[in-house]
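Data first, discussion second: the structure below is written as structure tokens.
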Amino acid sequence: METTTTSLMWTTLFLLHHPDVKEKVRNEISRIVGYDRDVTLEDRPSMPYTNAVLHESLRKSSLVYFSLPHFTTSKVTVENNLVIPANSMIFPNLHHVMHDEDYWKDPQSFNPDRFIANDGKFKPSERVIPFSIG
């Protein structure tokens, strides 16, 4: 519950500081859902901007900077021929993945449009890993 609550708090704070984004989300939800029913998961594909805002909020807030420790089961060679020996403990830096300046344009800015494709559809990124991966 804590991560869900904190994620929603950060999203609310980002929307408070970006009223133009809040207005776009409100307009999209009003257009797709209206006022006579609740939003459902079935609405998700029809709301690309709302999805982009949630995705960007999770990326920008980086609730969990480091993942739980992982262990290598064999020797691993990564970028620049760095060798990680077998049975090494690794703490993945999730914050870096989601704020890497070599990948993200202006990573410190809150910009949901980075997840909207040219055709207007939501374009998720495999680098948004707020709670780690596998």
Side-chain angles (χ1 to χ4, degrees):
M1 285 284 300
E2 179 60 33
T3 53
T4 301
T5 302
T6 303
S7 295
L8 290 171
M9 180 189 69
W10 274 106
T11 301
T12 301
L13 288 172
F14 288 133
L15 292 175
L16 286 171
H17 286 277
H18 300 276
D20 55 320
V21 172
K22 180 187 75 164
E23 188 64 20
K24 284 182 182 179
V25 169
R26 189 188 70 76
N27 288 339
E28 183 175 73
I29 293 171
S30 296
R31 188 178 75 252
I32 301 301
V33 178
Y35 298 97
D36 56 344
R37 68 177 182 88
D38 292 333
V39 177
T40 67
L41 282 176
E42 287 77 28
D43 296 314
R44 191 174 185 184
S46 303
M47 300 192 323
Y49 193 73
T50 302
N51 279 300
V53 168
L54 294 171
H55 212 58
E56 177 68 345
S57 179
L58 289 170
R59 183 200 70 81
K60 180 80 174 80
S61 61
S62 294
L63 297 177
V64 181
Y65 271 47
F66 293 97
S67 179
L68 295 172
H70 290 69
F71 289 89
T72 57
T73 56
S74 61
K75 180 176 84 172
V76 178
T77 303
V78 292
E79 292 181 20
N80 302 321
N81 293 320
L82 173 68
V83 175
I84 302 172
N87 301 313
S88 295
M89 185 184 305
I90 299 171
F91 288 88
N93 185 337
L94 305 180
H95 182 267
H96 175 73
V97 172
M98 295 189 291
H99 290 84
D100 183 357
E101 292 181 1
D102 292 336
Y103 183 83
W104 302 101
K105 181 182 177 190
D106 195 15
Q108 298 307 318
S109 294
F110 182 76
N111 178 14
D113 290 324
R114 70 176 87 235
F115 299 111
I116 300 293
N118 290 336
D119 62 3
K121 293 183 179 176
F122 172 56
K123 176 185 67 173
S125 172
E126 64 182 15
R127 286 187 166 235
V128 177
I129 51 172
F131 309 109
S132 192
I133 57 176

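Note that the coordinates shown come from a computational prediction; the quantities given were computed from them, not determined experimentally. Just so you know, these numbers use all the heavy atoms, side chains as well, and skip hydrogens, waters and symmetry mates.
Between the NZ atom in Lys123 and the CD1 atom in Ile116 there is a gap of 9.0 Å [rounded to 0.5 Å]. Here Thr72 contributes atom OG1 and Ile90 contributes atom CD1; the two are 5.5 Å apart, rounded to the nearest 0.5 Å. From Leu54, atom CG reaches atom CZ of Phe14 across 11.5 Å, with rounding to the nearest 0.5 Å. Taken to the nearest 0.5 Å, the CE atom of Met98 stands 8.0 Å off from the CG atom of Leu63. Here the straight-line distance linking atom OG1 of Thr12 with atom CE of Met9 works out to 9.0 Å at 0.5 Å rounding. Note: His99 NE2 to Gln108 CD = 5.0 Å, rounded to the nearest 0.5 Å.
With sequence neighbours excluded, the residues that form a ring pair (Phe, Tyr, Trp, His ring centres under 6.0 Å) with His55 are Phe115, Phe122. With sequence neighbours left out, Glu101 forms a side-chain hydrogen bond (donor to acceptor under 3.5 Å, both in side chains) with no residue at all. Qualifying side-chain hydrogen bond (donor to acceptor under 3.5 Å, both in side chains) partners for Asp43, counting only residues two or more places apart in sequence or in other chains: Arg37, Thr40. In this structure, the ring pair (Phe, Tyr, Trp, His ring centres under 6.0 Å) partners of Tyr65, at least two apart in sequence or on a different chain, are His95. Not a single ring pair (Phe, Tyr, Trp, His ring centres under 6.0 Å) links Tyr49 to another residue, sequence neighbours left out.
Annotation for Trp10: atom CH2 does not count as buried by contact number, only 12 or fewer foreign heavy atoms lying within 6.0 Å. Other residues, nucleotides and ligands contribute at most 12 non-hydrogen atoms within 6.0 Å of the CZ atom of Arg44.
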Donor-acceptor pairs are to be reported for all side-chain atoms of residues 77-89 against protein atoms at under 3.5 Å, with residues two or more places apart or in another chain.
{"unit_1": "Ser88", "atom_1": "OG", "unit_2": "Pro85", "atom_2": "O", "d": "2.7"}

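Checking side-chain atoms of Ser57 against main-chain N and O of Val53 turns up no donor-acceptor pair under 3.5 Å. Side-chain atoms of Asp100 do not come within 3.5 Å of backbone N or O of His96 as any donor-acceptor pair. Side chain of Ser132 to main chain of Ile129: no donor-acceptor pair is present (N/O by atom type, distance under 3.5 Å, no hydrogens or angles). Arg114 places a side-chain N or O within donor-acceptor distance of the main-chain N or O of Lys105, the cut-off being under 3.5 Å.
Aromatic ring centres of Phe91 and Phe66: separated by at least 6.0 Å.
In this structure, the side chains of Leu16 and Lys22 stay at 4.5 Å or more apart for every pair of heavy atoms. Between Arg127 and Tyr103, some side-chain heavy-atom pair lies under the 4.5 Å cut-off.
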* Verdict with supporting geometry, Val21 and Glu56, side-chain contact (heavy atoms from CB on, under 4.5 Å) -> CA-CA 11 Å; Val21 172; Glu56 177 68 345; over 6 Å; no
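Linking ILVMFWY side-chain heavy atoms closer than 4.5 Å, directly or via other members, places Ile32 and Val25 in a single hydrophobic cluster. Cluster membership for Leu15 and Val39, using ILVMFWY side-chain heavy atoms within less than 4.5 angstrom, is shared.
Ser125 approaches Trp104 most closely through the heavy-atom pair OG-CH2, 3.6 Å. Here the closest non-hydrogen pair linking Leu68 and Pro92 is O-CD, 3.8 Å. Residues Ser109 and Arg59 share a closest heavy-atom pair of O-NH2, 3.2 Å. Heavy-atom minimum distance, Pro112 versus Ala52: O-CB, 3.4 Å.
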